[in-house]
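Shown next, in structure tokens, is the structure this report addresses.
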Amino acid sequence: MPNKLISPEAAAALVSAGDTLTTSGFVGIGVPETLLKALGSRFAETGAPEGLTLFFAAGQGDGKDRGLNHLAHKGLLSRVVGGHWGLIPKVARLAVEGEIEAYNLPQGVISHLYRDIAAGKQGTLTHVGLETFVDPRKDGGKLNAVTTEDLVQLLDVDGVEQLFYKGFPVDVAFLRGTTADTFGNVSMENEALTIDNLAQAMAAKNSGGLVIVQVEHMVARGTLSPRDVEIPGALVDAVVLAEPGDHMQTFRTAYAPAFTGRYRIATEDAEVMDLTARKVIARRAAFELPINGVVNLGIGMPEGVAAVAAEERLLSHLTLTAEPGVIGGQPASGLDFGAAVNTDAVIAQNQQFDFYDGGGLDIAVLGMAEVDAQGSVNVSRFGPRLAGAGGFINISQNACHVVFTGTFTSVAFDVVVADGGLSIRSEGKVRKFVEAVEHTTFFGPRAARLEQPVLFVTERCVFRLTEDGLELIEIAPGVDLERDILAQMAFRPVIRDVAEMDARIFQDAPMGLDVDLLFLDLDDRIALDAGAERLFINLEKLRIRNAVDVDMICDRVVAICEPLDHKVDAIVNYDHTVIYPEIEDAYAARVRELEERFYRTTTRYSASAFMRMKLGKVFARSQGSHIFETADHARRFLESQSGN
């Protein structure tokens, strides 16, 4: 065909009964709205085509009428295999009512399935989804009783459990770009994401199917630079020009140059969040951010963490990412979610999930809707409401550290943050900490068995996942343990030593988190009294979370003590210090090295009896180590040893 331009109606007519249709898009980004509307209209007018299988990775919709909601006609769809359903309620209703066969598979798995189908493979083999609702030992990803075919199999590969997700031919791909030439070469210069367009086009073409692309502009063949072409014309069967209003950059934004990476924008004057429960949660989660680490922030509650990081001047020290392929910059929110400004790169979604599934994320901050005593989390289904897992399973199973965030209860929940504390004016009607989650989107016992660090952050308290289940570790000022926490839970968590959440979280001013996480005050915290030959190490309120934190503390000690020609007495303040369990052994080993090289006597103190007990275990093999309740007791001991 010398010119591949056709009308939307002609494109819709190319879809036949029983076809498998895949569509591009992520939330409101990259959605071929004109094509979807044309197909929906054709069925409404003619009753054809019937019995389609719809195959998509991320839910393309606005939660109302746009995107895949155009296809929510009884008879048009017979089967839907999708990653996220929350923004396509009309299609979700068909699944819940049993009008269609319906599957919810991890978004990253579907993204990889496109690539594997294109490569002629029978499916995708991965660990992603084990022990969640997509595991065939549970639901196998099936969403209703009429869905009977097994698309997921449990396999043993050299003694290791794996899941095999069955592939199938793709008959039609509805995709989207910015500009096409008459031969069908497609560029995406105005798009916020490239997503899986190329892999989907290859999957359809190598299945003997059709590739139809919606664009904004049509130009002569040879106009586009080869480096700008995202979908080669050899893969494209037809091109459709978008109808007016159907090619917004996102379902919220008509066009923002910053979302294309064409321009960078100033973020220093970004709007500061009001001090609400949402900000309290985001602030506490931000304490976990790894300096120079790679971060994923989920949609909803976790989006506030990016705003807090900007306010605390931490963004330049983090690499924020989003699952559709964004690396660096600051993610957008709401119906702009998936886009970002000031990015370092935008890659294909399947490549992003390669990185995620392989453990590349240092931390993921995600939402939570239901949590049980074992630390299992549900974000995917609640009775008749079908949200779907999206990328949650890929991300939560594989991130090195996970922080789940959400209000403690929901619906009619009213809380005030004032006077440095929390006041609950109206308790939510829906409990989130339940006896058993309805849908297992994250399986707590698996994470505990694999020693994955997991926190659960709410506005009033913080839990840590342990081998014994959820342990309460922090409580907000102004909150009553029995009335506001335990009475609002369906189970009793493990309770040992509970600290008060950092008071700065509840004050309407920047927290100085950059100082804490960057250890900018380390020179003041670790200092030598040369006359007394004493090294004072003040770790009060510090969180020693990872190897980077350990190195910064120990390197400062080495810098002070190495030039000396004698050993010193060390006094260490551990008041309100938090040493994360996963780093305890490494921290103790480094400290023992310092003791052997530089210390005569090591004296530690903390007002917390639990912390003193913990220090006793951590430093059980240390020589000449003593642990006291106060700084005064520690100094008296040293004076008695020196005879002063």
Side-chain angles (χ1 to χ4, degrees), residues 4-17 19-78 80 82 84-94 99-100 171-178 180 186 188 190-193 195 197 200-201 204 209-218 236-255 335:
K4 296 182 179 180
L5 180 65
I6 64 174
S7 69
E9 294 75 21
L14 293 173
V15 183
S16 301
D19 276 352
T20 293
L21 170 69
T22 187
T23 58
S24 67
F26 179 90
V27 184
I29 299 170
V31 181
E33 185 77 355
T34 290
L35 292 173
L36 295 171
K37 287 169 67 174
L39 183 58
S41 296
R42 178 192 169 197
F43 182 84
E45 294 167 4
T46 69
E50 292 181 298
L52 300 184
T53 292
L54 176 62
F55 183 34
F56 63 91
Q60 302 135 32
D62 61 352
K64 298 176 183 177
D65 302 310
R66 290 185 286 185
L68 296 178
N69 292 293
H70 292 299
L71 307 185
H73 299 281
K74 291 183 180 180
L76 173 59
L77 301 176
S78 64
V80 176
H84 189 264
W85 294 66
L87 294 172
I88 53 171
K90 293 185 176 182
V91 179
R93 189 177 304 117
L94 296 176
E99 297 288 343
I100 57 174
D171 300 302
V172 182
F174 276 2
L175 309 177
R176 185 177 120 161
T178 300
V186 177
M188 302 181 70
N190 288 346
E191 306 299 315
L193 299 166
I195 331 176
N197 281 273
Q200 288 173 283
L210 299 172
V211 177
I212 305 170
V213 185
Q214 172 185 314
V215 298
E216 286 184 285
H217 312 290
M218 199 83 179
V236 176
D237 296 285
V239 175
V240 171
L241 282 175
E243 298 288 346
D246 284 351
H247 209 92
M248 294 178 66
Q249 196 175 37
T250 79
F251 279 154
R252 178 182 179 185
T253 301
Y255 177 70
L335 289 179

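In this text, all values refer to a predicted model and were calculated from it rather than measured experimentally. Positions are given from 1, in the same order as the sequence printed here.
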Distance (rounded to the nearest 0.5 Å) between Leu14 CG and Ile6 CD1: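 The distance works out to 5.0 Å.
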
CD on Gln60 to NE2 on His84, rounded to 0.5 Å: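 Here the rounded value is 12.0 Å.
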
For Phe174, ring pair (Phe, Tyr, Trp, His ring centres under 6.0 Å) partners two or more places apart: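 Result, ring pair (Phe, Tyr, Trp, His ring centres under 6.0 Å) vs Phe174: none returned.
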
Ring pair (Phe, Tyr, Trp, His ring centres under 6.0 Å) partners for Phe55, two or more places apart: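 Per chain and number, Phe55 pairs via ring pair (Phe, Tyr, Trp, His ring centres under 6.0 Å) with Tyr114, Phe168.
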
Any Ser7 side-chain heavy atom under 4.5 Å of Val240 side chain: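 Ser7 vs Val240: side chains apart.
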
Asp19: salt bridge (Lys or Arg N to Asp or Glu O under 4.0 Å) partners, not counting sequence neighbours: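 Per chain and number, Asp19 pairs via salt bridge (Lys or Arg N to Asp or Glu O under 4.0 Å) with no residue.
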
Set of salt bridge (Lys or Arg N to Asp or Glu O under 4.0 Å) partners for Glu216, sequence neighbours left out: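 Per chain and number, Glu216 pairs via salt bridge (Lys or Arg N to Asp or Glu O under 4.0 Å) with no residue.
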
Glu243-Thr34 side chain donor-acceptor pair, cut-off 3.5 Å: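 No, no side-chain donor-acceptor contact under 3.5 Å.
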
Quiz: residues 36-46 side-chain donor-acceptor pairs under 3.5 angstrom, not counting sequence neighbours:
| residue | atom | partner | partner atom | Å |
| --- | --- | --- | --- | --- |
| Lys37 | NZ | Asp246 | OD1 | 3.2 |
| Lys37 | NZ | Asp246 | OD2 | 3.4 |
| Ser41 | OG | Lys37 | O | 2.9 |
| Arg42 | NH1 | Ala12 | O | 2.7 |
| Arg42 | NH1 | Val15 | O | 2.8 |
| Thr46 | OG1 | Arg42 | O | 2.7 |
| Thr46 | OG1 | Ala48 | N | 3.2 |
| Thr46 | OG1 | Ala48 | O | 3.4 |

Could you tell me whether a side-chain N or O of [X] sits under 3.5 Å from a main-chain N or O of [Y], the two making a donor and an acceptor?
{"X": "Ser78", "Y": "Gly51", "answer": "yes"}
{"X": "Arg176", "Y": "Val31", "answer": "yes"}
{"X": "Asp237", "Y": "Ile212", "answer": "no"}

Sequence neighbours excluded, every pair satisfying salt bridge (charged side-chain N to carboxylate O under 4.0 Å, His left out) that has a member inside residues 56-68: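 Passing the test, one end in residues 56-68: Asp62-Arg66, Asp65-Lys90.
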
